[in-house]
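Presented below is the structure to which this report refers.
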Amino acid sequence: YLSGELHRRLFAILLILISIYGIYLGERDLDNWEDIPSNLHYRKLPVIGITVGVVSSLFGIGGGILTVPLLVHLLKLPVRMAIGTSCAMMLLTSLTGIVGYMLQPCPLYQHLFNIGYVSLIFGSVVGLVAMVSSKYGALLAYKLRSKTLKNILYLLLMLVGIRLLC
């Protein structure tokens, strides 16, 4: 059992480590589609899947903050392809996580119409708004240079991680 404080601190450290890793890892042309290796290392895919699955369910994240850096740096995918692939993967990991959290009994917060640890009110409202607004994020991601997109991602992760520690 992880206390709430320890859980928050571990998540903050994870975000900071991912951002440091992404910022300081060797640069390559992130827009160059010819930079994708023709022989992908398919043995790395289950390792990425296990890592993303365990960590995303532990911290209640969709997995994109792990998936994008892993796909970009381990499989050498262009940033936009890694983001698109991550979105598709988040659908699967999120659904599985939702079912897992729904099956756990939670006697608290019944006024939020929760099933297990999932609040139907918060999940529905935030989910619908995020679903509508994600279209604009995708359009913006398409317009930005890949290096700028990568730097924004890692800067946000760093800032959130620092804020969680303070």
Side-chain angles (χ1 to χ4, degrees), residues 1-19 21-22 36 40-142 144 146 149-150 152-154 156-161 163-164:
Y1 172 73
L2 289 175
S3 71
E5 182 64 22
L6 177 59
H7 195 251
R8 186 175 59 84
R9 289 189 181 278
L10 287 174
F11 184 57
I13 291 168
L14 174 69
L15 293 178
I16 292 169
L17 289 175
I18 290 171
S19 64
Y21 173 80
I36 301 174
L40 291 175
H41 299 283
Y42 290 101
R43 291 183 307 242
K44 293 179 182 178
L45 294 175
V47 174
I48 292 171
I50 290 168
T51 303
V52 170
V54 170
V55 175
S56 65
S57 63
L58 178 65
F59 292 111
I61 56 176
I65 64 169
L66 293 173
T67 305
V68 172
L70 290 173
L71 292 176
V72 168
H73 297 295
L74 289 181
L75 297 183
K76 309 293 187 224
L77 291 181
V79 172
R80 285 186 188 89
M81 180 176 268
I83 291 171
T85 303
S86 173
C87 287
M89 290 171 57
M90 283 190 298
L91 176 66
L92 299 174
T93 59
S94 295
L95 287 175
T96 306
I98 289 168
V99 170
Y101 279 100
M102 284 179 142
L103 294 176
Q104 298 301 316
C106 176
L108 307 172
Y109 310 113
Q110 293 301 318
H111 63 284
L112 298 178
F113 301 102
N114 56 315
I115 299 175
Y117 281 92
V118 177
S119 167
L120 298 178
I121 292 174
F122 289 174
S124 298
V125 172
V126 174
L128 287 172
V129 172
M131 186 174 72
V132 170
S133 63
S134 66
K135 174 177 85 171
Y136 302 107
L139 289 172
L140 182 61
Y142 183 74
L144 293 173
S146 292
L149 196 57
K150 181 189 86 131
I152 290 170
L153 169 70
Y154 293 129
L156 285 173
L157 293 179
M158 178 68 76
L159 292 173
V160 171
R163 177 70 178 112
L164 286 172

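Here CG of Leu91 is found 11.5 Å from OG of Ser86. Values are rounded to the nearest 0.5 Å. Note that CG of Leu17 and CG of Leu157 are 11.0 Å apart. Values are rounded to the nearest 0.5 Å. Interatomic distance, CG of Leu15 versus CZ of Arg163, reported as 13.5 Å (0.5 Å rounding). How far CD1 of Ile48 is from OG1 of Thr67: 8.0 Å, rounded to the nearest 0.5 Å. Distance check, rounded to the nearest 0.5 Å: CE of Met90 to CD1 of Ile65 gives 10.5 Å. Here CD1 of Ile18 is found 9.0 Å from CG of Leu153. Values are rounded to the nearest 0.5 Å.
With sequence neighbours left out, Leu140 forms a side chain to side chain contact (heavy atoms under 4.5 Å, CB included) with Leu144.
Closest of all the heavy-atom pairs between His7 and Phe59 is O-CE2, 3.6 Å. Heavy atoms only, all atoms of each residue included: Lys44 and Leu74 are closest at NZ-O, 3.4 Å.
The shortest distance between side-chain heavy atoms of Val47 and Leu70 does not fall below 4.5 Å. Using a 4.5 Å heavy-atom cutoff, the side chains of Ile83 and Leu149 are in contact. Looking at Cys106 and Tyr101, their side chains never come closer than 4.5 Å, going by heavy atoms from C-beta outward.
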Exercise for the section: Mind running side-chain contact (heavy atoms from CB on, under 4.5 Å) on Met158 and Ile16 for me, showing each step along the way? Expected result: CA-CA 5 Å; Met158 178 68 76; Ile16 292 169; 3.9 Å; yes
Check residues 122-129 and write down every donor-acceptor pair under 3.5 Å in which the side-chain atom is one partner and the other belongs to a residue at least two apart or another chain.
| from | atom 1 | to | atom 2 | distance (Å) |
| --- | --- | --- | --- | --- |
| Ser124 | OG | Leu120 | O | 2.6 |

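Side-chain atoms of Lys150 come within 3.5 Å of backbone N or O of Gly22 as a donor-acceptor pair. Counting only distance, with no hydrogens or angles, the side chain of Ser134 and the backbone of Met131 share a donor-acceptor pair below 3.5 Å.
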